[in-house]
K.L.:
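Shown below is the structure under consideration.
Side-chain atoms are counted along with the backbone in the values below, which use heavy atoms only and exclude waters and symmetry mates.
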Amino acid sequence: MLTGITISQIYVPDQDAALDFYVGNLGFAVHSDMQFGPMRWLTVVPPGQPDRQVLLEKPGPPSMSEETAAEVRQAISKGVAGGHLFLACVDAYRTHADLKAAGVEITEEPVDQPYGIDFGLRDPFGNHLRIAQLMQA
């Protein structure tokens, strides 16, 4: 049967700006960047996880009409498009400080949770991200 999740997808209206944020600010690496028919296939991977890709997809044809793409872009900017990534780190306070110093929009300061320490942020387009320092079992 199934063996894992290989690619997750989030919508980004500007793939170059997304690349700048995910690689430049979060430390992801480019996995694939190619023209795939009428669309640019752009995936990034977290450090040390080459088998866990995130597709940074620009809303538009062929997967949707331009009218629908405009609605999706508006929903992304409001933070209601459903794009979420949950990421792990070794030191939540240090990661938080580094991202804040880099000008990343932090939406929730680090909080002690039953599973560890986490905080929230948004990418430049409105997608929600959570970063957690998970407790060791």
Side-chain angles (χ1 to χ4, degrees):
M1 287 302 280
L2 302 176
T3 60
I5 297 173
T6 59
I7 302 174
S8 298
Q9 175 270 1
I10 58 171
Y11 286 122
V12 296
D14 182 331
Q15 288 175 305
D16 289 325
L19 195 58
D20 220 27
F21 177 78
Y22 285 92
V23 173
N25 290 104
L26 298 185
F28 281 57
V30 175
H31 183 277
S32 302
D33 188 357
M34 65 182 129
Q35 203 58 37
F36 190 63
M39 70 179 279
R40 179 181 180 189
W41 183 263
L42 176 60
T43 63
V44 294
V45 294
Q49 291 189 295
D51 59 339
R52 190 64 177 98
Q53 300 175 59
V54 177
L55 172 63
L56 304 173
E57 183 177 358
K58 183 176 180 179
S63 63
M64 63 184 71
S65 70
E66 188 50 50
E67 180 181 329
T68 300
E71 293 171 3
V72 170
R73 287 189 296 272
Q74 183 177 27
I76 294 166
S77 71
K78 292 179 179 180
V80 297
H84 283 79
L85 291 177
F86 297 88
L87 308 168
C89 69
V90 175
D91 182 338
Y93 290 106
R94 170 75 186 238
T95 302
H96 171 268
D98 290 347
L99 292 173
K100 197 168 190 173
V104 172
E105 179 186 355
I106 305 294
T107 57
E108 185 180 331
E109 297 297 314
V111 176
D112 288 323
Q113 304 284 5
Y115 50 83
I117 304 164
D118 79 348
F119 63 97
L121 59 137
R122 286 170 40 128
D123 74 8
F125 317 104
N127 290 304
H128 297 277
L129 290 85
R130 293 208 66 83
I131 298 179
Q133 174 185 335
L134 300 173
M135 289 176 32
Q136 300 299 320

K.L.:
Atom CH2 in Trp41, atom CD in Gln53: separation rounded to 0.5 Å?
P.N.:
7.5 Å

K.L.:
Ignoring hydrogens and angles, tell me if any N or O in the side chain of Asn127 forms a donor-acceptor pair with the backbone of Tyr11 under 3.5 Å.
P.N.:
yes

K.L.:
Report yes if some heavy atom in the side chain of Tyr115 is under 4.5 Å from a heavy atom in the side chain of Met135; otherwise report no.
P.N.:
no

K.L.:
Please tell me whether Met39 and Ile76 are part of a single hydrophobic cluster in this structure, the criterion being side-chain heavy atoms less than 4.5 Å apart.
P.N.:
no

K.L.:
So, does Gln133 use its side chain to make a donor-acceptor pair with the main chain of Ala92 at under 3.5 Å?
P.N.:
yes

K.L.:
His31: which residues meet the ring pair (Phe, Tyr, Trp, His ring centres under 6.0 Å) condition with it, sequence neighbours left out?
P.N.:
none

K.L.:
Drop me the distance from Asp33's CG to Asp16's CG, to the nearest 0.5 angstrom.
P.N.:
8.0 Å

K.L.:
Measuring only between side-chain heavy atoms, which start at C-beta, is Lys100 closer than 4.5 Å to Phe119?
P.N.:
no

K.L.:
Check step by step if side-chain contact (heavy atoms from CB on, under 4.5 Å) holds for Leu85 and Asp123.
P.N.:
CA-CA 10 Å; Leu85 291 177; Asp123 74 8; over 6 Å; no

K.L.:
Can you name the nearest heavy-atom pair linking Ala69 to Met64, along with the distance?
P.N.:
CA-SD, 3.5 Å

K.L.:
Can you get from Val45 to Leu87 by hopping between Ile, Leu, Val, Met, Phe, Trp and Tyr side chains that sit under 4.5 Å apart?
P.N.:
no

K.L.:
Report the residues that fulfil side chain to side chain contact (heavy atoms under 4.5 Å, CB included) with Pro114, sequence neighbours left out, ordered by chain and then residue number.
P.N.:
none

K.L.:
Please name the pair of heavy atoms, one in Leu129 and one in Arg122, separated by the smallest distance, quoted to 0.1 Å.
P.N.:
CD1-C, 4.2 Å

K.L.:
Would you indicate whether the side-chain heavy atoms of Val23 and Val30 approach each other to under 4.5 Å?
P.N.:
yes

K.L.:
Is it the case that the side chain of Thr43 and the backbone of Ser32 share a donor-acceptor pair, with hydrogens and angles ignored and the cut-off at 3.5 Å?
P.N.:
yes

K.L.:
Locate the shortest heavy-atom distance separating Arg73 from Pro59; write the atom from each residue and the value.
P.N.:
NH1-O, 3.5 Å

K.L.:
At what distance, to the nearest 0.5 angstrom, does CG of Asp20 lie from CG of Asn25?
P.N.:
7.0 Å

K.L.:
Would you give the length of the straight line joining atom CG of Asp91 to atom CD1 of Ile131, rounded to the nearest 0.5 angstrom?
P.N.:
11.5 Å

K.L.:
Are Phe21 and Leu55 co-members of a hydrophobic cluster defined by side-chain heavy atoms under 4.5 Å apart?
P.N.:
no

K.L.:
Any side-chain heavy-atom pair from Arg52 and Ser8 closer than 4.5 angstrom?
P.N.:
yes

K.L.:
For a quick test of reading the model, state the closest non-hydrogen atom pair linking Phe28 to Pro46 and the distance between them.
P.N.:
CD2-N, 3.6 Å

K.L.:
Please report the closest heavy-atom contact between Ser77 and Gln74, naming both atoms and the distance.
P.N.:
OG-O, 2.7 Å

K.L.:
Does the side chain of Thr6 reach to within under 4.5 Å of the side chain of Asp51, using non-hydrogen atoms?
P.N.:
no

K.L.:
Flag the pair Leu99 / Leu26 as yes when at least one side-chain heavy-atom distance between them is below 4.5 Å, and no otherwise.
P.N.:
yes

K.L.:
With a 4.5 Å cut-off on side-chain heavy-atom distances among I, L, V, M, F, W and Y, is there a chain of contacts connecting Phe86 to Phe125?
P.N.:
no

K.L.:
Going by side chain to side chain contact (heavy atoms under 4.5 Å, CB included), name the residues that satisfy it together with Gln15, two or more places apart in sequence or in a different chain.
P.N.:
Val12, Arg40, Leu42, Lys58

K.L.:
With a 6.0 Å cut-off (strictly less than), is the heavy-atom count around CD of Glu109, excluding the residue itself, greater than 12?
P.N.:
yes

K.L.:
Under 4.5 Å between any side-chain heavy atoms of Leu56 and Tyr22, yes or no?
P.N.:
yes

K.L.:
Should Met34 and Val44 be counted in the same cluster of Ile, Leu, Val, Met, Phe, Trp and Tyr side chains packed under 4.5 Å apart?
P.N.:
no

K.L.:
Between His128 and His84, how do the two ring planes meet: parallel, tilted or perpendicular, split at 30° and 60°?
P.N.:
parallel

K.L.:
Identify the two heavy atoms, one from Glu57 and one from Ser63, that lie closest to each other, and give their separation to 0.1 Å.
P.N.:
OE2-OG, 3.4 Å

